[in-house]
Enquirer: 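Sharing a structure here in structure tokens format.
For clarity, every value in this text was computed on a predicted model and none was experimentally measured. Letters A, B, ... are given to chains in the order of the sequence lines, protein chains preceding strands, and every chain is numbered from 1.
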Amino acid sequence: MPENESQQALYTALAMIPPGRVITYGHLARLAGKPGAARWVGRELKLLPSNTRLPWHRVINAAGRISLPSDSSGAEQCERLKAEGVEVRAQRVDLKTYLYDPAR
DNA sequence: TCATTGACAATAG
DNA sequence: ACTATTGCCAATG
């Protein structure tokens with residue numbers, strides 16, 4: 001059973017991000033019905049189980065960078081993105097090219 | 001209740 | 001490109 005509406009909306013929105021595309025925390029928050037709650041999104045993603053099927057790795061910050069420490073988690077996100085065809089050069093993703101914007 | 005912290009964001013200098 | 005500041009939501013001490 002859904003823990004709450006917002007969380008359910010977040011999962012649904014995240015699940016529809018196609019491979020090879022990315023989205024920012026802010027945009028995802030808006031899609032989840034909580035505009036301006038980018039930080040809340042990050043907190044929720046951190047709570048996801050390691051066995052989740054959700055594409056958490058397609059979520060990056062507004063600057064196009066990985067918002068995780070460069071150790072294990074950050075490196076894994078980077079690898080996952082590259083594996084999907086997303087170019088990550090100098091720790092940075094070109095939002096103009098890879099950002100998933102349903103309204104555009 | 002207040003202060004701090006965190007997978008954030010926009011703006012200014 | 002960098003730091004500093006301010007605003008944001010929620011959890012934690």
Enquirer: How close or far is atom C1' of B:dC8 from atom CG of A:Leu10, stated in whole angstroms?
Expert: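 Going from A:Leu10 (CG) to B:dC8 (C1'), I get 14 Å.
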Enquirer: Rounded to the nearest Å, what distance is computed from the CG atom of residue A:Asn61 to the C1' atom of nucleotide B:dA10?
Expert: 13 Å
Enquirer: Please report the distance, rounded to the nearest Å, between CZ in A:Arg92 and C1' in C:dC2.
Expert: 12 Å
Enquirer: Tell me which nucleotide among B:dA9, C:dA1, B:dG6 gets nearest to the side chain of A:Ala38.
Expert: B:dA9
Enquirer: Judged by atom type as modelled, is there a donor-acceptor pair below 3.5 Å linking the side chain of A:Thr12 to the main-chain atoms of A:Gln8?
Expert: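 Confirmed, A:Thr12 side chain pairs with A:Gln8 backbone.
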Enquirer: When rounded to the nearest Å, what value does the distance between P atoms of B:dA7 and C:dG7 take?
Expert: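 Each nucleotide's P atom is 23 Å from the other's.
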Enquirer: Less than 4.0 Å between a side-chain N and a carboxylate O, is that true for A:Glu84 and A:Arg21?
Expert: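 Salt bridge: no.
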Enquirer: Roughly how many Å is it from NZ in A:Lys46 to C1' in C:dA11, rounded to a whole number?
Expert: 9 Å
Enquirer: Any N or O donor-acceptor pair under 3.5 Å from the base of B:dG6 to the side chain of A:Arg43?
Expert: no
Enquirer: Could you say whether A:Trp40 or A:Ala63 is positioned toward the 5' end of DNA chain B, judged by the nucleotide with the nearest heavy atom to each?
Expert: A:Trp40
Enquirer: Taking the side chain of A:Ser67 as heavy atoms from C-beta outward, which of C:dA10, B:dA9, B:dA7 is closest to it?
Expert: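 Looking only at side-chain atoms, A:Ser67 lies closest to B:dA7.
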Enquirer: Using every non-hydrogen atom in the two residues, find where A:Cys78 and A:Val88 come nearest and quote the distance to one decimal.
Expert: SG-CG1, 3.9 Å
Enquirer: Give the rounded distance in Å between these two atoms: CD of A:Gln7 and P of C:dA11.
Expert: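 Rounding to the nearest Å, CD of A:Gln7 and P of C:dA11 are 10 Å apart.
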Enquirer: Is the phosphate of C:dC8 approached by A:Lys34 (side-chain N or O, under 4.0 Å from OP1 or OP2)?
Expert: no
Enquirer: So which heavy atom on A:Arg65 is nearest to which on A:Ile60, and how close?
Expert: O-CB, 3.5 Å
Enquirer: Tell whether A:Arg39 reaches the base of B:dC8 with its side chain through a donor-acceptor pair below 3.5 angstrom.
Expert: yes
Enquirer: What's the CZ-P distance between A:Arg89 and C:dA1, to the nearest Å?
Expert: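 My rounded result for the distance is 11 Å.
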Enquirer: Starting from P on C:dC8, measure out to CG on A:Leu28 and report it in whole angstrom.
Expert: 20 Å
Enquirer: If the C1' atom of B:dT5 is compared with that of C:dC8, how far apart are they to the nearest Å?
Expert: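 After rounding to an integer number of Å, I get 14 Å for this pair.
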Enquirer: What are the two closest non-hydrogen atoms of A:Ala15 and A:Leu54, and how far apart are they?
Expert: CB-CD2, 3.9 Å
Enquirer: Would you classify A:Thr24 as touching base, sugar-phosphate or nothing, given that sugar-phosphate means primed atoms plus P, OP1 and OP2, and contacts are heavy atoms under 4.0 Å?
Expert: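 Result for A:Thr24 = sugar-phosphate.
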Enquirer: Could you check whether A:Arg30 gets within reach of a base, just the sugar-phosphate, or nothing at all, counting any heavy atom under 4.0 Å?
Expert: nothing
Enquirer: Roughly, in whole Å, what's the span from CG in A:Leu81 to P in B:dA7?
Expert: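 Whole-Å distance recorded here is 18 Å.
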